[in-house]
Amino acid sequence: MEKKLSTNRIDGLVLSAISGLYIVQTGDQVLDCSLRGNLKKNFTYSTSDSRAKRVTRAKHPHTNDTVAVGDRVRLTLGSNNSGVIEEILPRKSSFARSGFRGQEQTVVCNLDQIFIVFACSEPRPDPWKVDRFLAAAEAEDINTIIIANKADLLPLEDIPAIFEEWSRVGYRVIITSTHTETGMDELQEALVGKISAFVGPSGVGKSSLLNTLHPNLKLRTKSIGYVTFKGKHTTTASQLIPLECGGWVADTPGLRNLDLVETDRTFVSYCFPEMAPLIGKCRFEDCRHEAEPDCAIKNAVESGEISSRRYESLLAMSVPAGAQPSHR
Ligand code: GDP
Ligand code: ZN
């Protein structure tokens, strides 16, 4: 990624962005960067048509931030590990939440994948909660992988059955234990070269997983101080933590409580991979998938193609068009 260019510009990745100061990683170096003045006003990535189009297609184009954590940038080097960001490369994706004064703020961009972490036991996964996390990740259109941690607490052969209803609909499940290091190689392989986020309820072992993967997680950088996954010594701003294996973990307050923002039933049913292909196949265009005749989703539940529990989950977390949310 970080290759030297003939114009003396180098490419880097924005690890943190706080009050106009950007920490940018380029190769093994971490630089303190500022933003070239003309970039502050005009959020134009480039003059080329294809890039502009890609930017327009980005999911949340109306955010108020110019450079966000996860942005790939092109910069010129200064002295003393400093640099100036000259150009922002097109974003592949952007995860935004409303922040200050309700304005959309990019929490992290270019996220490649979200790991939804649950424990096989202590606490045993609450399937409704698993579905909620999965749907929220799907809503962001980001590749999602389930981690079944604490595998040491159960006989290994009993674990796949606990996660069967999700592996059946196509989710990859990585079985791990931070105590026996089961699955840590597989997890590490999945992290290499990618920007990942770990989400899930507390107590399932997210911090332990990261500490196992990266024993020196107390990474020191000049401007952001000590970094820990729990954010004990850091600000609440989002940041990327570079891992020794060559990937990055997004530690972002907005992502920790990942939840659905949009609860419209049609939208949410797109977030259930086994239901998405059936959308539009019901007899009525405005089908609520409740008691209507010839409902493609209900039919699939009755024939056993779709799990009735996952179907109940869809109903519980979504509202039909025009209805008020029930706060369930
Ligand atoms: P987080 O809240 O998701 O970050 O969870 P923590 O990493 O703080 O872990 C919660 C508890 O689970 C701690 O007491 C850990 O020691 C324990 N734990 C984490 N991973 C494992 C594991 O693989 N097996 C077992 N048995 N316990 C684990
Ligand atoms: Zn229907």
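All ligand and atom numbering here is 1-based and tracks the order in the structure.
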Checklist entry - Should you measure from each heavy atom of Lys206, which atoms of ligand 1 turn up under 4.0 Å away? => result 1 (P), 3 (O), 4 (O), 5 (O), 7 (O)
Checklist entry - Angle subtended at the Zn ion (ligand 2) by SG of Cys282 and SG of Cys295, to 10 degrees? => result 110°
Checklist entry - What atoms of ligand 1 come within less than 4.0 Å of a heavy atom belonging to Thr178? => result 19 (C), 20 (N), 21 (C), 22 (C), 23 (O)
Checklist outcome for this item: Heavy-atom closest pair (Asp112 atom, Lys194 atom, distance to 0.1 Å) is OD2-CA, 3.4 Å
Item to check | Step-by-step side chain to side chain contact (heavy atoms under 4.5 Å, CB included) determination, Ile147 to Phe118 | outcome: CA-CA 6 Å; Ile147 295 185; Phe118 276 86; over 6 Å; no
Checklist entry - Distance-only, no hydrogens or angles: does the Asp131 side chain make a donor-acceptor pair with backbone N or O of Ser313 under 3.5 Å? => result no
Next on the checklist: Salt bridge check, Lys150 against Glu122: does any charged N sit closer than 4.0 Å to a carboxylate O?
Outcome noted: no
Checklist outcome for this item: For Ser177, the ligand 1 atoms with a heavy-atom partner under 4.0 Å come out as 23 (O)
Checklist entry - What atoms in ligand 1 come closer than 4.0 Å to a heavy atom of Asn149? => result 20 (N), 21 (C), 23 (O)
Next on the checklist: So that I can tick it off, tell me whether Glu186 and Arg172 are bridged by a salt bridge, with the cut-off set at under 4.0 angstrom between side-chain N and carboxylate O.
Outcome noted: yes
Next on the checklist: List ligand 1 atoms under 4.0 Å from Leu153, heavy atoms only on the residue side.
Outcome noted: 26 (N)
Item to check | Ser208 (side chain) donor-acceptor with Thr178 (main chain) under 3.5 angstrom | outcome: no
Checklist entry - Are any of the N/O atoms in Ala151 less than 3.5 Å from those in ligand 1? => result no
Next on the checklist: Please report whether ligand 1 has a polar contact with Thr176, defined as an N or O pair separated by less than 3.5 Å (distance criterion only).
Outcome noted: no
Checklist outcome for this item: Note: ligand 1 atoms sitting under 4.0 Å from heavy atoms of Val204 are 3 (O), 5 (O)
Checklist entry - Considering only N, O or S atoms, which atom of His289 is nearest to the Zn ion (ligand 2)? => result ND1
Checklist entry - Looking at Asp152, which atoms of ligand 1 are within less than 4.0 Å of one of its heavy atoms? => result 22 (C), 23 (O), 24 (N), 25 (C), 26 (N)
Checklist entry - atom 5 (O) of ligand 1: which of Ser208, Cys120, Gly205 has the nearest heavy atom? => result Gly205
Checklist entry - With a cut-off of under 6.0 Å to the ring centre and 45° to the axis, is Arg310 in cation-pi contact with Trp128? => result no
Checklist entry - When you check the gap from the basic side-chain N to the acidic O, do Arg72 and Glu87 get nearer than 4.0 Å? => result no
Next on the checklist: Within the 4.0 Å heavy-atom shell around Ser202, which atoms of ligand 1 are there?
Outcome noted: 2 (O)
Next on the checklist: Salt bridge check, Arg9 against Glu86: does any charged N sit closer than 4.0 Å to a carboxylate O?
Outcome noted: yes
Item to check | Test of proximity, Gly203 against ligand 1: N or O pairs below 3.5 Å | outcome: yes
